[in-house]
Number of protein chains: 2
Amino acid sequence: MATSMPTRRVTTYDIAKSLGVSRATVGFVLNDTPGQTISEATRTKVLQEAQRLGYRRHSAARTLASGRSHIVLLVLPDWPLDFSLRRNIEEASLTLDQAGYTLVTYTPHSSGQARPLWESIQPDVVLTLNSFAPGQAEAIRAAGITRLIPDPEAPPSEDYIDNGPALQLEHLAELGHTVIAYAGLNDPKVADLVNGRRDRAQKTATALGLRPISWRNINLTDESALAAIHDWRTAGVTAIAAYNDDVAAALTGAALRGGLTVPGDLSIIGLDNTPLSSMFQPQLSTINVDTAGLGRYLGRLALSSIEGTPPPAAGPEMRATLIPRASTAPLQETENS
Amino acid sequence: MATSMPTRRVTTYDIAKSLGVSRATVGFVLNDTPGQTISEATRTKVLQEAQRLGYRRHSAARTLASGRSHIVLLVLPDWPLDFSLRRNIEEASLTLDQAGYTLVTYTPHSSGQARPLWESIQPDVVLTLNSFAPGQAEAIRAAGITRLIPDPEAPPSEDYIDNGPALQLEHLAELGHTVIAYAGLNDPKVADLVNGRRDRAQKTATALGLRPISWRNINLTDESALAAIHDWRTAGVTAIAAYNDDVAAALTGAALRGGLTVPGDLSIIGLDNTPLSSMFQPQLSTINVDTAGLGRYLGRLALSSIEGTPPPAAGPEMRATLIPRASTAPLQETENS
DNA sequence: ATTAGCCACTTGCGCGGGCTAGTTCCTCTA
DNA sequence: TAGAGGAACTAGCCCGCGCAAGTGGCTAAT
């Protein structure tokens, strides 16, 4: 094999020349440019020739000429990419891809990457899952990017996804529990999320006329979980809403090893509907979040922002739903220490 | 505030005009173009004006003109991004950044993203940590990218990092153990890694004149770990080398809960030197891998490939080192079933 | 006196493709 | 039979920047 000399890349010009048409025509075909009429014969000729020559668009040239990079940047927080998040991203990516956009994910690292990614690739939109860190939105704007989602100016619309904690509380209340605790995760990286969910739970409790829930952040260890359970038991707690399924699992495991029964002595409900939650013994009641649906929604949100169309309606399929299983049960009206 | 009319972006032309110099001069200053002599006065004038006008380079135009995107793409496998991997990436990113390149990470998702990232952003190099999946290298080449690391044509140089398993075996052998088992992780996503390390361990055992190690992949559950331990104990195994610290922790925990002592009855050594390993009780012997150093090395490797300079020497600081702690001990010459 | 060479720049082409403003040809009326 | 109108294209500018090739002025060497 000859060490393939730097064989120039195939351009629209090559296609045009070899077909005896103009570059513009080729461009129109390749982009399905609206408002252009191209005969079916020419269209297929161009497409075939492009295929034959192995044409691939030059994204940089396209970006330069059109002013749009067709790249959507998703700024991720520093949390571990768990099961549900990955599904979410994947689905958003797919949605965007179908519209000709590419999703790039990026985690700004603390140890100061000098040139943030949004400067290097000029995305059309920058997304984030929670909200932009202080100063971050300004930095992105300064790089010439005008479309940020969620809009840093808009008030935080906490409401549109995270109704999971509300469902947890409603479920437990419905089972007759009145003394409920909230178990967060003691990890600074997700502190914001934990606090957000807890607040949501607290509000729901108030709305339901329950007494204010007591909360505590635990580590995923037996000791930590047991200590929390011990305190809550002495305070008369009969049900726990957990930040996520991992926390619920830790609590349930600790409770069982500590000689309690679940849900007999203690009802515990998680959130996320991870595969683990249904394999656990007892199977954990939890909240299912349609991550795939959320991902698609995020993708459509980005598209609407780019194309200036009205934002997609948040479909009901995206609301969290309760998955009652074996770790929650009606309050037993028995001896209470 | 006037809804800032679409205020055109600042270009080198603007700087040049406002300073009364040519665009080229501005470009030379902004890029420190070698082989060009620019007076200090002009240089600072240009820099100041660029600053004042808020100039930011247009990456697409730069890519188009120069033929290089200054982007390095790191294709990640589908594993969870654990502690050490993140450090690794971060360090590589930093190294590249200092040379004016940007590292973008990307995980191809199974559910078929239509347009892989390397087509959308035309990176100068595509890196991967292990090796390219079958067909992947060809796909990348087809997109016009010529620089792949590791070179798919080169024979796998298994040797340059993963001497960790060898160290594990040597350590255990040195302590007098002769019947040693290897515990992998039963997760299809990391199967290649597991197999690679196990092979490495196996080879070392042979080289040391030990009898072939028996191996088994476990899940991170008590039952799975206990079952493995039980079988190995009946086979006379006195020491276990684990795929990583998590596996070592699972085994150690299970052994203790199963009534054995570690390292009294069983020596166990992990790999990765995760924070967990030193917090465990007993503290786990493990292998430290200089992930930060490896990250820097990867970055330099990419740079050398782009700039055509000879590849960096793999410094000794990148070799794995043994961290002997409390979970391994000399073989007890006692009753052996 | 001529030439060579350096300094500090400038001119201008081209990267690949989008897109506006034509142009040509054909068909269909009145 | 002219003219309107549309279908099916083409010409050519422009995007912002890199870079090769120049350009005039000046000094140092032949």
Side-chain angles (χ1 to χ4, degrees), chain A residues 6-47 49-50 53-70 100 119-122 124 143-144, chain B residues 6-47 49-50 53-70 100 119-122 124 143-144:
Chain A
T7 164
R8 266 185 56 299
R9 64 149 50 233
V10 181
T11 71
T12 53
Y13 179 79
D14 298 324
I15 301 176
K17 199 176 48 175
S18 113
L19 241 43
V21 300
S22 75
R23 284 197 323 95
T25 306
V26 175
F28 292 148
V29 171
L30 260 25
N31 300 324
D32 278 337
T33 311
Q36 292 291 335
T37 52
I38 303 283
S39 70
E40 204 44 50
T42 310
R43 161 170 256 103
T44 53
K45 263 200 314 184
V46 169
L47 257 18
E49 193 66 6
L53 297 178
Y55 169 80
R56 346 214 37 134
R57 60 156 132 271
H58 190 91
S59 45
R62 175 194 173 79
T63 298
L64 179 59
S66 72
R68 285 178 305 138
S69 64
H70 294 253
E119 291 200 1
S120 309
I121 62 176
Q122 287 284 335
D124 293 338
Chain B
T7 162
R8 266 185 57 300
R9 65 147 51 236
V10 180
T11 72
T12 53
Y13 179 79
D14 298 325
I15 301 176
K17 200 177 50 176
S18 115
L19 242 45
V21 299
S22 76
R23 281 187 34 259
T25 305
V26 175
F28 292 148
V29 171
L30 259 27
N31 300 326
D32 279 337
T33 311
Q36 291 292 337
T37 51
I38 302 284
S39 69
E40 203 46 49
T42 310
R43 161 169 256 104
T44 53
K45 261 200 315 183
V46 169
L47 257 18
E49 193 67 5
L53 297 177
Y55 169 80
R56 346 217 36 135
R57 60 157 129 268
H58 190 85
S59 47
R62 175 195 174 81
T63 298
L64 180 60
S66 71
R68 285 180 303 139
S69 65
H70 294 256
E119 292 199 1
S120 309
I121 62 175
Q122 287 284 336
D124 293 338

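Keep in mind that this is a model prediction, so the values were computed, not measured. Both backbone and side-chain heavy atoms feed into the values below; hydrogens, waters and symmetry mates do not. Below, read A as the first sequence line, B as the second, and so on, with proteins coming before strands; counting in each chain starts at 1.
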Which whole-number value in Å describes the distance from [X] [atom1] to [N] [atom2]?
X	N	atom1	atom2	answer
A:D32	C:dG17	CG	P	16 Å
A:H70	C:dG16	NE2	P	18 Å
B:K17	D:dC17	NZ	P	14 Å
A:H58	C:dG18	NE2	C1'	14 Å
A:Y13	C:dG18	OH	C1'	18 Å
A:R9	C:dG17	CZ	C1'	11 Å
A:R57	C:dG18	CZ	P	8 Å
A:D14	C:dC15	CG	C1'	13 Å

[X] side chain near [Y] side chain, heavy-atom distance below 4.5 Å:
X	Y	value
B:Q122	A:R9	yes
A:K17	A:V26	no
B:R62	B:N31	yes
B:H58	A:L64	yes
A:L30	A:Y55	yes

Is any side-chain nitrogen or oxygen of [X] closer than 4.0 Å to OP1 or OP2 of [N]?
X	N	value
A:N31	C:dG17	no
A:Y55	C:dG17	yes
A:R62	C:dG18	yes
B:T12	D:dC17	yes

For nucleotides 6-11 of chain C, print each protein N/O atom paired with a nucleotide N/O atom at under 3.5 Å, atom names and distance only.
{"residue": "C:dC9", "atom": "OP1", "partner": "B:T42", "partner atom": "OG1", "Å": "3.2"}
{"residue": "C:dC9", "atom": "OP2", "partner": "B:S39", "partner atom": "N", "Å": "3.1"}
{"residue": "C:dC9", "atom": "OP2", "partner": "B:S39", "partner atom": "OG", "Å": "2.5"}
{"residue": "C:dC9", "atom": "OP2", "partner": "B:T42", "partner atom": "OG1", "Å": "2.7"}
{"residue": "C:dC9", "atom": "N4", "partner": "B:Q36", "partner atom": "OE1", "Å": "3.2"}
{"residue": "C:dT10", "atom": "OP1", "partner": "B:S22", "partner atom": "N", "Å": "3.4"}
{"residue": "C:dT10", "atom": "OP2", "partner": "B:S22", "partner atom": "N", "Å": "2.7"}
{"residue": "C:dT10", "atom": "OP2", "partner": "B:S22", "partner atom": "OG", "Å": "2.7"}
{"residue": "C:dT10", "atom": "OP2", "partner": "B:T25", "partner atom": "OG1", "Å": "2.3"}

Closest to the side chain of B:L64, out of D:dG18, C:dG17, D:dG16, is D:dG16

Whether the side chain of A:S59 engages the backbone of B:S120 through a donor-acceptor N/O pair (distance < 3.5 Å, no angle test) should be reported.
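Flag set: sc A:S59 to bb B:S120 pair under 3.5 Å.
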
Do B:S18 and B:E49 meet the criterion of a side-chain donor-acceptor pair at a distance under 3.5 Å?
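Short answer, yes.
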
